[in-house]
Amino acid sequence: TGYYGDGMNAIIVFAACFLPDSSRTDYNYVMENLFLYVISTLELMVAEDYMIVYLNGATPRRKMPGLSWMKKCYQMIDRRLRKNLKSFIIVHPSWFIRTILAVTRPFISSKFSSKIQYANTLAELHEMIPMEYVHIPDSIVKYDEEKCIKRRMRTSCLSNDPEMASVEQE
């Protein structure tokens, strides 16, 4: 959690890699109580505008919350919290998350849809929000570094390939 702006508005950081494994026998109970904890925390912290940063990197599929859970969470958030949410930033979005959001977009309010933003790297996130008060877990930083190294290797391989170099120049 961090703050931004003159009014010290809240930035809520949510790292999916720390969610429980869906194979747990008490998974639904844990997720429901986790949601209630998050909502009660939001209600205490959020007096005005706030943003949520959802860190998706380094999260195995079995730890990602299901669509029905996310829908239920959204419906349970009171109007004031929904209204004061200024931005919902998804960092390291997977194709699965992008697809789910694309498919569900017609069923989500246009106001909420317009608040969703993607940041493919921590550098992109840094361009979107002030990071000095935001703690990013080490596992996410490492994931980001590995992803950037792979991207650089892929780019340098493409630029060394004469066929790809000509495509890039067009």
Side-chain angles (χ1 to χ4, degrees), residues 1-2 10-39 41-42 46 50-77 81-129 131 134-158 164 167:
T1 305
I11 299 173
I12 311 300
V13 179
F14 190 81
C17 60
F18 296 124
L19 288 173
D21 195 302
S22 60
S23 64
R24 287 179 61 132
T25 54
D26 61 349
Y27 178 76
N28 290 330
Y29 173 80
V30 171
M31 290 299 283
E32 190 159 318
N33 283 296
L34 175 64
F35 170 71
L36 294 173
Y37 171 77
V38 168
I39 291 300
T41 302
L42 278 176
V46 175
Y50 71 104
M51 64 176 61
I52 295 176
V53 175
Y54 177 80
L55 302 172
N56 187 63
T59 305
R61 177 74 187 103
R62 68 185 186 277
K63 287 192 173 201
M64 286 188 194
L67 183 60
S68 60
W69 183 81
M70 288 189 277
K71 180 182 174 189
K72 182 180 173 184
C73 292
Y74 179 73
Q75 291 171 337
M76 289 179 68
I77 296 172
L81 285 175
R82 277 189 289 209
K83 185 179 169 202
N84 289 356
L85 177 64
K86 293 304 168 200
S87 184
F88 185 88
I89 303 170
I90 302 171
V91 182
H92 303 123
S94 64
W95 66 269
F96 177 76
I97 286 180
R98 286 181 186 267
T99 303
I100 292 293
L101 288 172
V103 168
T104 59
R105 185 153 280 180
F107 308 105
I108 300 173
S109 79
S110 60
K111 284 183 182 179
F112 182 74
S113 291
S114 68
K115 297 175 184 184
I116 299 172
Q117 298 176 283
Y118 298 110
N120 293 310
T121 64
L122 293 177
E124 284 181 28
L125 179 63
H126 194 310
E127 292 172 13
M128 300 165 88
I129 64 170
M131 298 290 288
V134 177
H135 173 71
I136 304 294
D138 292 339
S139 59
I140 303 296
V141 172
K142 184 177 180 201
Y143 174 86
D144 187 75
E145 289 169 353
E146 290 170 357
K147 188 174 177 186
C148 288
I149 289 169
K150 286 179 185 174
R151 185 177 295 125
R152 272 188 242 119
M153 286 174 58
R154 195 171 33 233
T155 304
S156 69
C157 288
L158 290 176
M164 294 309 292
V167 171

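Looking only at side-chain heavy atoms (C-beta outward), Thr59 and His92 stay at 4.5 Å or farther from each other. Side chains of Phe14 and Val38 form a contact here, defined as non-hydrogen atoms less than 4.5 Å apart. In this structure, the side chains of Pro20 and Met31 come closer than 4.5 Å at one or more pairs of heavy atoms. Side-chain contact between Leu101 and Ile90: present, with at least one pair of heavy atoms (C-beta onward) separated by less than 4.5 Å. Using a 4.5 Å heavy-atom cutoff, the side chains of Val13 and His135 are not in contact. Annotation: side chain of Ser23 is not in contact with side chain of Arg62 (no heavy-atom distance under 4.5 Å). Side-chain contact between Thr121 and Arg151 is present, with heavy atoms from C-beta onward closer than 4.5 Å. You'll find the side chain of Tyr143 stays beyond 4.5 Å of the side chain of Cys17, heavy atoms only.
Although no hydrogens or angles enter the test, the distance criterion places a donor-acceptor pair under 3.5 Å between the side chain of Tyr50 and the main chain of Leu81. With Lys142 contributing its side chain and Ala58 its backbone, the two residues share no donor-acceptor pair below 3.5 Å.
In the displayed structure, Phe112 atom CZ is contacted under 6.0 Å by more than 12 heavy atoms of other residues, nucleotides or ligands. Enclosure of atom CG in Asp26 by more than 12 non-hydrogen atoms of other residues, nucleotides or ligands within 6.0 angstrom is indicated.
Counting all heavy atoms, side chain and backbone alike, Pro106 lies closest to Val103 at CD-O, 3.3 Å. Listed here is the closest heavy atom pair of Asp21 and Lys63: CA-CG, 4.2 Å. Here the closest heavy-atom approach between residue Ser94 and residue Met64 is recorded as OG-CE, 4.2 Å. Across all their heavy atoms, Asn120 and Asp144 have their closest contact at O-OD1, 4.4 Å.
Rounded to the nearest 0.5 angstrom, Ile89 CD1 and Ile11 CD1 are separated by 8.0 Å.
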I'd like to know whether Val53 forms a side-chain contact (heavy atoms from CB on, under 4.5 Å) with Ile129, so could you lay out the CA-CA distance, the side-chain angles of the two residues, the decisive distance to 0.1 Å, and finally the verdict. CA-CA 10 Å; Val53 175; Ile129 64 170; 3.9 Å; yes
